[in-house]
Amino acid sequence: MNVKTISIALAAVVVLLLVTLLMQKGGYVSQATEHYTKTTEKSYKSGSQVVEYVNNSIETNKSVWNLAMEVLQTVKSSQDQARLEAKLFPSTKGTMSIANKTRKFEATSNYYIISNFAKVEEDKKTGVKSLAGLTSVNVSALLGTPGVEADEEEEEEEVEEAPAPAPKKAAKGKKGKKGKKR
Amino acid sequence: MNNKKFKILLIADIVLIVGLFVLMMILKGGYEEQAKKSVSEQLDAYLNQNNTVLQEQWKSVDQYGMAWKLVNATLTGDKTEKSFDAAAQAIEADKDARFNQVSYMYTAAGIPPQAQNSIHEKAGLAEKLVLKNEGGVKEVACGKNCVVTFTFAKGKLKDVDYKALAAYNMADNFKLEAPAAFRFE
């Protein structure tokens, strides 16, 4: 009787061992898969973020460079530049400083250019002032060395008649978005 | 009689239990090793692949930055071939300025300095700026699959073609692949 009970119990253990043995591999596979998936997903997510953010940053940088080079080759007065800005950046507008004889175009707080002009011109009929005689374009912010340009504190509102299809609101909205992203 | 059969079963059970146990231990070691090896191989391959893209992108941004700088220098300079060659050489040689320019664009993108440094440590900077310099026609690299062409005639600048640079789409050239499914092999 005793032998009978023990042998049946042991037979059950044998079955149990057999089942464990068969499931053993599955356990290792799922553990390995979990570790692999977790690590690769993390790398994929963080890496993709870097790639995407840099791609976007370059996208803006490129447009500002393109504007700067166009300004260098085609612009003579601040009105010319305003027209070019409106063409390349419909939703952002540059600001002009009559006192400094500069016009600054800022796509984002990081990417901007400052055009320097030789003289101030005044329309005798309307009294509107504008800048003429482009002398140079400061691209230091695009070269990664911002802050070497002249003080821009005396910025004035745009007072020229150049076509300006972009409302101020849109420009601000765009800046805000970029800012948040950082 | 019955009792005898159970005794045989008992002995068989014990033998099987010992046998199965030993087998389990042997397989356990094998599976563990196999799992570790498979995971590390596939993981390394994937992480390497991602890092390579990040490093290539870093170097491309360097070429991109140098190319714009050179276009700017050419358009604002005296437009002679001699100054162009000097500017290209000076831009390429100034590694600090190159790093700063790349880093500035990464910072603008919101990439923290540690992440930039870890990419830069492995990637370094781009190896080449001027790709071709034949008979007044100079091709300058401006990123992966991007070339700017400067044409000089009798030592004077005739044309700068930077259309590829102005239209350069980095997103087309740099993208990470999603990880493949894990294979236990």
Side-chain angles (χ1 to χ4, degrees), chain A residues 1 3-4 6-11 13-14 17-18 20-21 24-25 27-29 31-33 35-37 39-41 43-44 46-63 65-66 68-69 72-73 108-111 136-137 139 141-146 181-182, chain B residues 2-3 6-7 9-10 13-14 16-17 20-21 23-24 27-28 31-32 34-36 38-39 42-43 46-47 50-51 53-54 57 61 64-65 68-69 71-72 75-76 97 100-111 115 119 162 165-166 168-171 174-176 178-179 182 184:
Chain A
M1 188 60 196
V3 176
K4 189 181 167 186
I6 295 172
S7 61
I8 288 172
L10 284 185
V13 172
V14 168
L17 266 177
L18 206 67
T20 318
L21 192 72
Q24 197 181 14
K25 189 179 173 185
Y28 281 105
V29 172
Q31 219 181 326
T33 309
H35 177 62
Y36 170 84
T37 312
T39 317
T40 50
E41 284 296 333
S43 162
Y44 178 56
S46 62
S48 294
Q49 230 168 29
V50 172
V51 171
E52 191 196 324
Y53 288 178
V54 172
N55 288 344
N56 291 344
S57 174
I58 296 295
E59 203 56 29
T60 313
N61 178 282
K62 180 183 76 185
S63 314
W65 263 119
N66 193 32
M69 295 304 102
L72 267 181
Q73 294 173 93
T108 68
S109 56
N110 294 298
Y111 299 138
S136 65
V137 180
V139 291
L142 297 175
L143 295 172
T145 51
K181 210 169 158 195
R182 289 191 71 226
Chain B
N2 220 2
N3 219 8
F6 277 113
K7 260 186 195 163
L9 180 62
L10 185 74
D13 280 345
I14 291 169
L16 273 174
I17 287 171
L20 284 174
F21 193 75
L23 186 64
M24 211 163 94
L27 285 178
K28 184 184 161 164
Y31 286 144
E32 211 170 275
Q34 199 183 352
K36 274 187 190 153
S38 290
V39 167
Q42 290 169 50
L43 212 53
Y46 182 70
L47 298 182
N50 281 358
N51 288 336
V53 174
L54 291 176
Q57 188 186 31
V61 171
Y64 163 90
W68 274 124
K69 199 173 175 179
V71 170
N72 181 53
L75 291 178
T76 52
N100 282 341
Q101 196 180 351
V102 177
S103 176
Y104 186 79
M105 289 184 263
Y106 272 64
T107 306
I111 312 300
I119 298 172
Y162 62 91
L165 178 56
Y168 189 49
N169 189 345
M170 248 198 196
F174 297 98
K175 210 177 134 204
L176 294 192
F182 177 67
F184 192 79

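Per chain, numbering begins at 1; letters A, B, ... match sequence-line order. All values below were derived from every heavy atom in this structure, side-chain atoms included, with hydrogens, water molecules and symmetry-related copies excluded. Source: prediction; values computed, not measured.
For the atom pair A:Leu143 CG and B:Asn72 CG, the distance stands at 6.5 Å (nearest 0.5 Å). Between A:Asn56 atom CG and A:Asn61 atom CG the span is 12.0 Å, to the nearest 0.5 Å. For the atom pair A:Gln24 CD and B:Glu32 CD, the distance stands at 9.5 Å (nearest 0.5 Å). How far CD1 of A:Ile58 is from OH of B:Tyr106: 7.5 Å, rounded to the nearest 0.5 Å. Expressed to the nearest 0.5 Å, how far OH of A:Tyr44 lies from OG1 of A:Thr37 amounts to 14.5 Å. Distance check, rounded to the nearest 0.5 Å: NZ of B:Lys28 to CG of A:Leu21 gives 13.0 Å.
Contact of B:Leu165 with chain A is made through the backbone alone, with heavy-atom distances under 4.5 Å. If you measure heavy-atom distances from B:Gln57 to chain A, the contacts under 4.5 Å come from the side chain alone. The contact between B:Lys175 and chain A is made entirely by backbone atoms, counting heavy-atom distances below 4.5 Å. For a residue to count as touching a neighbouring chain, one of its non-hydrogen atoms must lie under 4.5 Å from one of that chain's; by this rule A:Gln73 touches chain B with the side chain only. For B:Asn50, the part sitting under 4.5 Å from any heavy atom of chain A is the side chain, from C-beta outward, and nothing else. Contacts between A:Val139 and chain B at a heavy-atom distance below 4.5 Å involve the side chain alone, from C-beta outward. Contacts of B:Gln34 with chain A are absent, with no heavy-atom separation under 4.5 Å from either backbone or side chain. In this structure, chain A has a heavy atom under 4.5 Å from the side chain of B:Leu54, while its backbone stays farther away. With a threshold of 4.5 angstrom between heavy atoms, B:Phe184 approaches chain A through side-chain atoms but not through N, CA, C or O.
For the options B:Thr76, B:Leu23, B:Asp13, B:Leu10, heavy-atom pairs under 4.5 Å to chain A are most numerous at B:Asp13. Of all the listed residues (B:Asn100, B:Leu47, B:Leu75), the one sharing the greatest number of non-hydrogen pairs under 4.5 Å with chain A is B:Leu75. Ranking B:Gln42, B:Lys69, B:Met105 against chain A, the residue ahead of the rest is B:Met105, based on heavy-atom pairs under 4.5 Å. Residue with the most contacts toward chain A among B:Val39, B:Leu43, B:Val102: B:Leu43 (heavy-atom pairs, distance under 4.5 Å). Per-residue heavy-atom pair counts under 4.5 Å with chain B were compared for A:Val137, A:Ile8, A:Leu142, A:Thr39, and the maximum is reached by A:Thr39. Each of B:Ser103, B:Gly65, B:Ala115, B:Pro179 has some count of heavy-atom pairs under 4.5 Å with chain A, and the biggest count is that of B:Pro179. Of the listed residues (B:Ile14, B:Ile111, B:Leu16), the greatest number of heavy-atom pairs within a distance under 4.5 Å of chain A belongs to B:Ile111.
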- Can you check side chain to side chain contact (heavy atoms under 4.5 Å, CB included) on A:His35 and B:Phe182, steps first, answer last? CA-CA 10 Å; A:His35 177 62; B:Phe182 177 67; over 6 Å; no
- Message: The test is side chain to side chain contact (heavy atoms under 4.5 Å, CB included); show your working for B:Asn169 and A:Glu59 and say whether it passes.
- Response: CA-CA 7 Å; B:Asn169 189 345; A:Glu59 203 56 29; 4.3 Å; yes
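Applying the ring pair (Phe, Tyr, Trp, His ring centres under 6.0 Å) rule to A:Tyr111 yields no partners; only residues at least two apart in sequence or on another chain are considered. B:Tyr162 meets the ring pair (Phe, Tyr, Trp, His ring centres under 6.0 Å) test with B:Trp68; sequence neighbours excluded.
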